[in-house]
2 protein chains.
Amino acid sequence: MSIVSQVTDSTRVGKRERLAGAAVRVLHEQGVEKTTLADIARAADVPVGNVYYYFKTKDQLIEAAIDAHGRQLESMIEAMERLGTPQERLKALLQGWIGQRDLTAKYGCPTGTLASELDKRDDGLDRAVAKVMGELLDWVERQFQAMGRADARELAVALIAAYQGISLLTNTFRDPELMATEGRRLGRWIDSLA
Amino acid sequence: MSIVSQVTDSTRVGKRERLAGAAVRVLHEQGVEKTTLADIARAADVPVGNVYYYFKTKDQLIEAAIDAHGRQLESMIEAMERLGTPQERLKALLQGWIGQRDLTAKYGCPTGTLASELDKRDDGLDRAVAKVMGELLDWVERQFQAMGRADARELAVALIAAYQGISLLTNTFRDPELMATEGRRLGRWIDSLA
DNA sequence: GTCTATATTGGGATAGAC
DNA sequence: GTCTATCCCAATATAGAC
């Protein structure tokens, strides 16, 4: 492969990723159905019609955004892996959620709102979000297993559900403090399971 | 008012309510953005163009659907009021949720999916859903108060959040058993608070 | 009051110039 | 590889016949 084609390739990858990254943000803020390709193109500083050079359809761009969001989540999980105990790791997760409470009050949980909205569509994009959600769920389950809990799966489902639910209420009532209060309650709950 | 105008009035009310009722169902199944006036008109067996005789805009029809859904919830709450103890009433609520698990796996919680979707819109419809959600929350809070809990509000938020979250997961993974398992766990939790 | 035909708009997608 | 102009369709909303 020549140097020239490498440069053009890296240019293409650059714009592709800029579009996918912008899509993650805009889809979270506006939702899938309200977001036009023009909105994403503008946020990524790419001309509208040009989007189709990188993605054949809007669905493909959304799928790229879901993948990008999944990778963000993965790197967040990797950062928490470095902590010493499973309790510390789970509580770091809680702190992350609480730290995002203002954004959540405005737009809800990025993964949850995406899952809820994509479920209503015929295309298979809802499976892609389910995969992202499933990976977080599996990680939480492993933390409860490391705490010696035989009911690790049920507890993991309960914790993620608590987060998804309080995200929805925080968003519905536009009150970040709901997240903070529930986060503290969940912290005490995790302590009580040890 | 003459008999004739009474008849025509009742006819109008009939179609209006048929449209609002059909909208509740279709909006739950398809979501707000994916649902066209034609979809609702078909479900209500009313010609498309005729919808505008009863509702000036799509938003007004959605608002009527939210109100109708709120009244359904109210009558459900009234039915539970007849039970003897607050614990029994809360567990009846849980049983209702578990009984709806197949529908929830397909389409999510009607109130929650509506709240999540309407939040992304500029119109004020999200406030109408927040009101419905708030009424359920207040009722649950009163049950915890009747159980003598000083932290009744926090517990009510936690219970409704748990339901909203498990509804989202049940829907995302299309697994009704998630709702059943979490419902049993919440039942044990309520018992432990008495 | 009821319904049909149609105007209007907006957004996804394509053709093709450069 | 980049961008503009435009096609096309779907859905809200309206005009007006009956």
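Below, chains carry the letters A, B, ... as their sequence lines are ordered, and counting in each starts from 1. The analysis underlying the following values was restricted to heavy atoms, covering all of them including side chains, and did not include hydrogens, waters or symmetry mates. Predicted model, so just to flag it, every value in this text is computed and none were measured.
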Note to self: List the residues meeting side chain to side chain contact (heavy atoms under 4.5 Å, CB included) with A:Arg82, not counting sequence neighbours, and say none if there are none.
What the structure shows: A:Ala79
Notebook entry, point to check: What residue pairs, at least two apart or across chains, pass side-chain hydrogen bond (donor to acceptor under 3.5 Å, both in side chains) with a residue in residues 158-172 of chain A?
Noted result: A:Asn171-B:Asp119
Notebook entry, point to check: How does the hydrophobic cluster around A:Tyr107 look, that is, which other residues are in it when side-chain heavy atoms under 4.5 Å mark a link?
Noted result: A:Leu103
Check: Rounded to whole angstroms, how far apart are CZ on A:Phe55 and P on D:dG1?
Finding: 15 Å
Checklist line | Base-contact (B) and sugar-phosphate-only (S) positions in nucleotides 11-18 of chain C, heavy-atom cut-off under 4.0 Å, - elsewhere | finding: SSBB----
Next item on the list: Sorted by first residue and then second, give each salt bridge (charged side-chain N to carboxylate O under 4.0 Å, His left out) pair with at least one member in residues 129-146 of chain A; sequence neighbours left out.
Entry: A:Lys131-A:Glu135, A:Asp138-A:Arg153, A:Glu141-A:Arg153
Next item on the list: Could you check how far CZ of B:Arg42 sits from C1' of D:dA10, rounded to whole Å?
Entry: 13 Å
Check: Got a sec, which residues hit side-chain hydrogen bond (donor to acceptor under 3.5 Å, both in side chains) with A:Trp97, two or more places apart in sequence or on another chain?
Finding: none
Next item on the list: List for me each residue that meets side chain to side chain contact (heavy atoms under 4.5 Å, CB included) alongside A:Asp39, sequence neighbours excluded, and say none if there are none.
Entry: A:Val26, A:Gln30, A:Thr35, A:Thr36, A:Arg42
Check: In whole Å, what is the span from the CG atom of B:Leu19 to the C1' atom of C:dT2?
Finding: 13 Å
Notebook entry, point to check: Looking only at heavy atoms, which two atoms of B:Ala41 and B:Val51 are closest? And how far apart?
Noted result: CB-CG2, 3.8 Å
Check: Could you state the CG-P distance from B:Asn50 to C:dC3, rounded to the nearest angstrom?
Finding: 5 Å
Note to self: Can you list everything that forms a side-chain hydrogen bond (donor to acceptor under 3.5 Å, both in side chains) with A:Asp122? Sequence neighbours excluded, please.
What the structure shows: none
Next item on the list: Could you check how far CZ of A:Arg16 sits from C1' of D:dT2, rounded to whole Å?
Entry: 17 Å
Notebook entry, point to check: Heavy atom of residues 113-124 of chain A under 4.0 Å from DNA chain C: which residues?
Noted result: none
